[in-house]
**Student:** 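To start, I am sharing the structure in question, which I have written as structure tokens.
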Amino acid sequence: MPERLPGAERPRSGRLEVHKTYKLFIGGAFPRSESGRSYVVSSAGGRRLANAALASRKDARDAVAAARAAQPAWASSTAYNRGQVVYRLAEMLEGRAAQFAASVAAAEGATARASRRIVAASIDRLVWYAGWADKFAQVVGSSNPVAGPYFNFTIPEPTGVVAVLAPQVSSLLGLVSVLAPVVVTGNAAVVVASEARPLPAVTLAEVAATSDVPAGVVNVLTGRTGELAPVLAGHMDVGALDISGAAPDARPDLERLAAGNLKRVLVLEEDWAAVPSLRRLRAFVEVKTVWHPVGI
Amino acid sequence: MSFTYAPAPESREIVTLQPSYDLFVNGDFVPALSGRSFSTTNPATEEPLADVASAGPEDVDRAVAAARAAFEGPWGKMRGSERAKFLFRIARVLQERAREFAVLETLDNGKPIRESRDVDVPLAAAHFFYHAGWADKLEHAGLGPAPRPLGVAGQIIPWNFPLLMAAWKLAPALAAGNTCVLKPAETTPLSALLLARVCQEADLPPGVVNVLTGAGDTGAALVAHRGVDKIAFTGSTEVGREIARAVAGTGRRLTLELGGKGANIVFEDAPIDQAVEGIVNGIFFNQGHVCCAGSRLLAQEPIAEPLLERLRQRLDTLRLGDPLDKNTDIGAINSKDQLDKIRALADSGEKEGAGRWSPPCRLPARGYWFPPTIFTNVSQSHRIAKEEIFGPVLSVLTFRTPAEAVAKANNTPYGLSAGIWTEKGSRILWMAQQLEAGVVWANTFNRFDPASPFGGYQESGFGREGGRHGLEAYLDA
């Protein structure tokens, strides 16, 4: 007998629950995997939760193409605007806090109270990063007193398309903590969700789709990290890579692949509950220095 | 009536060359355990200058151990304010012995004395002076309240600015509290060894700076050594990739300053005389052996022809020859290998249909020489438009609109430098935003300063050298 999905048994009210189909998020749309594959996602307690799309290598490449197409306009939007977009993401998350708490509870096996705390921390994390959008360049940039008649200044710019392997354990707070610093500085992200706990990521994608994040700026893949990560690490149109969510023994190969086009690679495991440092913000920007003569 | 220049050679007597040079390890000059050596020559004359020890893996072991002991010992325990004074001392000795360094650099490298005297050596001293002041102020560098040094830095530098690149590597590393194992390039080891002498003269504690001369295998051994906490490399993108692969998965820190194919973009409203000087400085400075060279000239169509005419006239006046002559503009190509590479790429330009032009100029009979060369009718698919030539060869392309200039300038996997020539301020800032390059020069080119961060986007590498941003490469923050 096939295993039944949760809630498939008719509840006492007599109403049959409508299940959500968890799909990929690529270029602002929610496609199934082009491969037609899916995989079973279970709760921390082993209960069958849903089928998630099992993204293929082609899906990963499509996500990079979508990110590349979206990135220049996102980078050229004002920092004030990017801050508002990320703040709006927090607003939408707040409005769906109960849904996220349930999703986190199922994914991580956390108590209802702990799950609510995780969701609250995730919302606050987004707000924290939203505020950085129009301050980061002031803090990280500089004007440089060169020995000559030149005005010389340095500003950070986004690296471009950043592939992020989301943390495997912390399905929402960890995800938000690695995604927000990438996009708030003007990059476009291709995120591989936690392999075993992907459902909060898909729901976050649904929030992104309805909160002014331009299509393609955030892309979310669900599936096997070990299958998708090498494609992204070796992709010549990906400029940087956060492999903190990869298994430690998988990282050396990913770093070697990343050397193909000299991607910037970040390995940084943080305590997601703590206030972040600026390291993730600094990891995916390039600093540009401009010289201009001074004269009359 | 024509005027000619009388020879104006700088005396080389200020330099005393030893017949042979040892490695600098733990504060002393010691013979290589490998027992091997190589010869370094003057590329302008092919005259052998000296025999230089070639460090093998056992020498790398010894130098890394010395650097580790110094890091865990005197240097690691020293207050930043004391470290600062050592760096100030080195800066001062560099200034005092500036002429000696300049002549030695020109002998070993082939660059004009005018450049080694006015650019390389003063900037090297400035780098030590600038970074000295950081040593006791690191908590104010914007990298957190208590940034810590990384440990032992393995530093591999190229032959195009031998002393200056040594200064770019050593000064920030030492200011941040690291100890160093420096490997100069095989064809230009002498100024780094003289700098080692200066470290001795400054009473720098033994092991804080070690200099291992050798070729690529010495560098590879240094990269592979597990006692090295951080690798900093300046050189080709190809070798940079190999190093990134070698360091992968080790958790050791890496910064790379690699190749480039910089676009120098001239708009029709540009100040033409300044632009011509900037183009010449952009590609013919240091014989074009410059990673951030403006090797692609993008000229807006209405002024392309008149600009080229002025450029040809200017090139007619460049003087190629004895690098020690104070009137020389173009010196020798650094090595036979590099000359072969430049020749092969220039030949490919002709074969692919670009128009080749050089001013009439007589090349010396001995030594490695290549005339300043301009290619016109270059298309973006030509090898000379895509590959780094690292020689005095300029590829000229044209454009109509600013958007087209940006598209062409960015059509490269590199991203080190770019130049913009226009009198319109808003266009400068717009172009500077659009160009994917770590350094953008507006109405100037090839300016360097220790306070100004330098480094690339994309396949030109990662990490910065110089300024507050350069400190991050040597700090755990």
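By convention in this document, chain letters (A, B, ...) are assigned in the order of the sequence lines, proteins followed by strands, and residues within each chain are numbered from 1.
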**Student:** As an exercise, state the distance from CD1 of B/I428 to NE2 of A/H292, rounded to the nearest 0.5 Å.
**Tutor:**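 The NE2 atom of A/H292 is 3.5 Å from CD1 of B/I428, to the nearest 0.5 Å.
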
**Student:** Run the numbers on A/K263 and B/Q458 for side chain to side chain contact (heavy atoms under 4.5 Å, CB included), then give the verdict.
**Tutor:** CA-CA 7 Å; A/K263 288 179 186 66; B/Q458 302 174 138; over 6 Å; no

**Student:** Without swapping roles, check the side chain of A/E286 against the backbone of B/Y457 for a donor-acceptor pair under 3.5 Å.
**Tutor:**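 It does not hold such a pair.
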
**Student:** Would you compute the distance between atom OG1 of A/T289 and atom CZ of B/R464 and round it to the nearest 0.5 angstrom?
**Tutor:**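 Going from OG1 on A/T289 over to CZ on B/R464, the span is 7.0 Å.
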
**Student:** Hydrogens and angles aside, do A/N152 and B/S452 bring a side-chain donor and acceptor to less than 3.5 Å of each other?
**Tutor:**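 The answer is yes; a qualifying pair exists.
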
**Student:** If you compare all heavy atoms of B/G456 against all heavy atoms of A/R264, which two are closest, and at what distance to 0.1 Å?
**Tutor:**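 Distance-wise, the nearest heavy atoms are O-NH2, 3.2 Å.
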
**Student:** Which one, B/G463, B/A437, B/G466, leads in non-hydrogen pairs under 4.5 Å with chain A?
**Tutor:**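 Between B/G463, B/A437, B/G466, the count favours B/A437.
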
**Student:** If you count heavy-atom pairs within less than 4.5 Å of chain B, which of A/T159, A/I243, A/V140 leads?
**Tutor:**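 Heavy-atom pairs under 4.5 Å are most numerous for A/V140.
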
**Student:** Please check if the side chain of A/K288 supplies one atom and the backbone of B/Q433 the other of a donor-acceptor pair under 3.5 Å.
**Tutor:**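 Between the backbone of B/Q433 and the side chain of A/K288 there is a qualifying donor-acceptor contact (under 3.5 Å).
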
**Student:** Could you tell me whether the side chain of B/E472 reaches within less than 4.5 Å of the side chain of A/R282, counting heavy atoms only?
**Tutor:**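 Yes, side chains in contact.
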
**Student:** Tell me, out of B/A126, B/A432, B/A244, B/P453, who's got the most heavy-atom pairs with chain A below 4.5 Å.
**Tutor:**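 Winner by heavy-atom pair count: B/P453.
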
**Student:** Minimum heavy-atom separation for A/P252 to B/A248, with atom names?
**Tutor:**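 The answer is O-CB, 3.7 Å.
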
**Student:** When heavy-atom pairs shorter than 4.5 Å are enumerated against chain A, which of B/V440, B/T237, B/N443, B/I243 gives the highest number?
**Tutor:**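 Counting heavy-atom pairs under 4.5 Å, the top option is B/V440.
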
**Student:** Tell me if a side-chain donor or acceptor on B/R245 pairs with a main-chain N or O of A/E255 at a distance below 3.5 Å.
**Tutor:**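 No, B/R245 side chain to A/E255 backbone: no donor-acceptor pair under 3.5 Å.
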
**Student:** Within the structure provided, determine whether A/L262 and B/L258 are in side-chain contact (heavy-atom separation under 4.5 Å).
**Tutor:**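 They are in contact (side-chain heavy atoms under 4.5 Å apart), so the answer is yes.
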
**Student:** Heavy atoms only, distances under 4.5 angstrom: which of B/G467, B/G142, B/G461 has the most pairs with chain A? Name it, please.
**Tutor:**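 Most pairs with chain A among the choices: B/G461.
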
**Student:** For B/R241 and A/G260, work out which heavy atoms get closest and say how close.
**Tutor:**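 Shortest heavy-atom separation between B/R241 and A/G260 comes out as NH1-O, 2.6 Å.
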
**Student:** Could you pull out the closest heavy-atom pair between A/S142 and B/H469, with the gap in Å?
**Tutor:**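 Looks like OG-CE1, 3.3 Å.
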
**Student:** Please classify the contact of A/V267 with chain B as side chain, backbone, both or neither, using a heavy-atom distance under 4.5 Å.
**Tutor:**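 No part of it gets close to chain B.
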
